[in-house]
Enquirer: 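Before we start, here is the structure in question, set down as structure tokens.
The chain is numbered in sequence order, starting from 1. When a ligand or atom number is given, it counts from 1 through the structure's own listing order.
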Amino acid sequence: MTTPMDEKIEPIYQEVLARNPGEVEFHQAVREVLESLGPVLVKHPEFAEHKIIERICEPERQIIFRVPWVDTNGVVQINRGFRVEFNSALGPYKGGLRFHPSVYLGIIKFLGFEQIFKNSLTGLPIGGGKGGSDFDPKGKTDGEIMRFCQSFITELYRHIGEHTDVPAGDIGVGGREIGFMFGQYKRITNRWEAGVLTGKGLNWGGSLVRTEATGYGAVFFVDEMLKARKDSFDGKICSVSGSGNVSIYTIEKIQQLGGKVVTCSDSNGYIYDEKGIDLELVQQLKEIERRRIKDYLNYRKDAKYVKNGNIWEVPCQVAMPSATQNEINGKDAQTLVKNGCIAVGEGANMPTTPEGVKIFLEAGIAYGPGKAANAGGVATSALEMQQNASRDSWDFAYTEDRLHKIMQNIHKDCFETAEEYGAPGNYVLGANIAGFVKVARAMLAMGVV
Ligand code: NDP
Ligand code: 2IT
């Protein structure tokens, strides 16, 4: 069930399929963007003439490497590392690192491709890239995590740098891992180069609000969509999936704006707490003790844990998928709409399948796609780079205000672009076109490179 593509663009997509066999997530991400670009080529025939779309679909550089390390039992382990430097028209490659056993080239390429347009939407000077490994951090000791990160950066260090490529966190990579990687980079290069990684600790070059930024930003984006419909978060029942970095600060900001979050989850099951999720408890379990979400029940007896359950069956007015790709399928989208969901804001990258997206758009609900809604994380990474470059650090209120304004601008840009292209309220089209056009103009100006 896919939307037909413009006749000039269909062959480009077929070429992407042929050149990148088996990379289904990458195909999905490319298709979703290309489906929006037909009307852009009508307005800008120069983009077709200079093969901008063909060039954008081909990463500038792809690095795949061995990551050997020794576990606590003295056994040698081997993982595979990736960094896809996708597009540097607007600035140094920028994007997170994902450590998860499901990682392979197709996942990193889908994330890197999305990152190009997301980073463009922030209005800040950052290109698109992504990396990671099939390493599984679950159940590993701190020593194992450190040795893995050191080995990973011992290869990656030669490809990154404050003006070249600036990694950060994603699934399985947070402050602890960034610390180990920064330490090893500093040791190998003999440089205290703050701007090489973002998401650093607050006392060694990190930025206030970076930890909160993706979740807060996603809620600011949904708040703007609601405002455009003369509505607000106040009193809304909300469902958030995941219980990691993005989920936690999504829950916090929704609660600050008067909404009530009744769910959170991990890959084993979900929690339903009718009284509203106890965020301090989730933070204690996940950020400090690194436990599983089912342990929530040990402290909140009235809550429910549904093992392997489908979180989207819980009725809500606002849904914020914040775990992983393709977590909402067509049937889930139908269930959400049927149960009265009026807004969806994607904290995760590509959490809704193409069937699900179609259902949200046809239902006319406020649907904020990941590349717009979750851009606050990378935007605040760019603010961290600004602070590093000027050897300055900003206070929380100022930095949060910058993030808030960036999210308001992204919303406005997507909203107005959708109107300009005759699809009012369609943030998918708005985000894809607005993100693409800025990159395309820069590529055109720079010649065939
Ligand atoms: P974390 O590692 O902090 O948390 C990930 C959460 O998602 C965990 O609860 C995890 O559960 C769950 N999860 C991960 N993989 C799966 C899976 N295959 N099936 C079900 N649940 C899963 O990562 P983040 O919070 O940083 O990232 C969450 C999402 O947000 C990702 O899509 C990421 O790409 C996106 N994102 C992150 C940004 C950031 O700044 N961190 C910025 C923009 C987007 P479990 O513990 O069981 O694995
Ligand atoms: O998907 C994303 O935008 C991120 N994981 C954050 C990237 C970053 O460089 O802060």
Side-chain angles (χ1 to χ4, degrees), residues 25 91-103 107-108 110-119 121-122 124 126-132 136-139 160 165-178 195-200 206-207 209-218 221 240-251 264-271 282 285-287 290-294 308 310-311 320-328 345-352 369-385:
E25 296 83 2
Y93 309 107
K94 181 84 197 88
L97 297 170
R98 176 177 292 191
F99 292 170
H100 192 274
S102 63
V103 164
I107 294 269
I108 300 300
F110 116 65
L111 290 162
F113 185 75
E114 289 280 290
Q115 202 81 43
I116 304 170
F117 308 102
K118 183 197 300 193
N119 293 6
L121 285 170
T122 68
L124 297 163
I126 40 180
K130 199 86 187 190
D136 185 358
K138 275 199 199 88
I160 60 176
D165 184 356
V166 183
D170 193 81
I171 291 176
V173 177
R176 175 180 60 171
E177 292 74 20
I178 295 293
V196 67
L197 288 164
T198 60
K200 297 180 292 296
S207 172
V209 193
R210 176 63 190 88
T211 305
E212 295 83 357
T214 310
Y216 279 20
F221 189 90
V240 175
S241 63
S243 51
N245 171 265
V246 177
S247 317
I248 286 173
Y249 295 96
T250 295
I251 296 172
C264 63
S265 65
D266 61 22
S267 55
N268 298 119
Y270 75 84
I271 292 285
V282 175
L285 292 172
K286 301 303 296 185
E287 291 185 324
R290 297 181 188 275
R291 285 160 65 179
R292 305 302 296 162
I293 202 63
K294 77 167 172 3
N308 297 326
N310 184 346
I311 192 172
M320 301 203 54
S322 308
T324 195
Q325 63 277 356
N326 293 327
E327 55 172 308
I328 297 182
E346 296 184 337
N349 284 305
M350 205 168 76
T352 310
K371 65 171 75 65
N374 72 39
V378 75
T380 308
S381 278
L383 300 182
E384 182 171 329
M385 290 161 73

Enquirer: Tell me whether R98 has any N or O atom under 3.5 angstrom from an N or O of ligand 1.
Expert: yes
Enquirer: Pick whichever of G370, S267, C264, A213 has a heavy atom sitting closest to atom 20 (C) of ligand 1.
Expert: S267
Enquirer: List ligand 2 atoms under 4.0 Å from R210, heavy atoms only on the residue side.
Expert: 6 (C), 8 (C), 10 (O)
Enquirer: Between Q325 and ligand 1, which part of the residue brings a heavy atom under 4.0 Å of the ligand: side chain, backbone, both or neither?
Expert: neither
Enquirer: Taking only non-hydrogen atoms of R210, do any sit less than 4.0 angstrom from ligand 1?
Expert: yes
Enquirer: When you measure from atom 2 (C) of ligand 2 to every protein heavy atom, which one gives the shortest distance, and what is it?
Expert: K118 NZ, 3.2 Å
Enquirer: Does atom 10 (C) of ligand 1 have a protein non-hydrogen atom under 4.0 Å from it?
Expert: no
Enquirer: For G169, is at least one N or O under 3.5 Å away from an N or O on ligand 1?
Expert: no
Enquirer: Taking non-hydrogen atoms only, is T214 closer than 4.0 angstrom to ligand 2 via side chain, backbone, both or neither?
Expert: neither
Enquirer: Determine, using heavy atoms of M350 and all atoms of ligand 1, whether some pair is separated by less than 4.0 Å.
Expert: no
Enquirer: Answer yes or no: does an N/O atom from D266 fall short of 3.5 Å to an N/O atom of ligand 1?
Expert: no
Enquirer: Would G96 count as a contact of ligand 1 if the rule is a heavy atom under 4.0 Å away?
Expert: no
Enquirer: Could you list the atoms of ligand 1 found under 4.0 angstrom from a heavy atom of D170?
Expert: 26 (O), 33 (C), 34 (O), 36 (N), 37 (C)
Enquirer: Between T198, T324, T250, which one has a non-hydrogen atom sitting closest to atom 18 (N) of ligand 1?
Expert: T324
Enquirer: Which atoms from ligand 2 have a heavy atom of K130 less than 4.0 Å away?
Expert: 1 (O), 2 (C), 4 (C), 5 (N)
Enquirer: Would R292 count as a contact residue for ligand 1, given that I'm defining contact as a non-hydrogen atom of the residue lying under 4.0 Å from a ligand atom?
Expert: yes
Enquirer: Judging by distance only, is a nitrogen or oxygen of N245 under 3.5 angstrom from one on ligand 1?
Expert: yes
Enquirer: At less than 4.0 angstrom from any non-hydrogen atom of A168, what atoms of ligand 2 do you find?
Expert: 8 (C), 9 (O), 10 (O)
Enquirer: Please list, in number order, the atoms of ligand 2 under 4.0 Å from a heavy atom of G95.
Expert: 7 (C), 9 (O)
Enquirer: Quick check on S102 - does any of its heavy atoms sit under 4.0 Å from an atom of ligand 1?
Expert: no
Enquirer: Side chain, backbone, both or neither: which part of Q115 has a heavy atom under 4.0 Å from ligand 2?
Expert: side chain
Enquirer: Can you tell me which residue and heavy atom of the protein come closest to atom 24 (P) of ligand 1, and the distance to 0.1 Å?
Expert: V246 CG2, 3.8 Å
Enquirer: Look at atom 8 (C) of ligand 1 and find which of G269, S243, A323 reaches it with the closest heavy atom.
Expert: S243
Enquirer: I need the atoms of ligand 2 closer than 4.0 Å to a non-hydrogen atom of S381, numbered in the order shown.
Expert: 8 (C), 9 (O), 10 (O)
Enquirer: Give the numbers and elements of all ligand 2 atoms closer than 4.0 Å to a heavy atom of G169.
Expert: 4 (C), 5 (N), 6 (C)
Enquirer: For ligand 1, is there an N or O atom under 3.5 Å from any N or O atom of T214?
Expert: yes
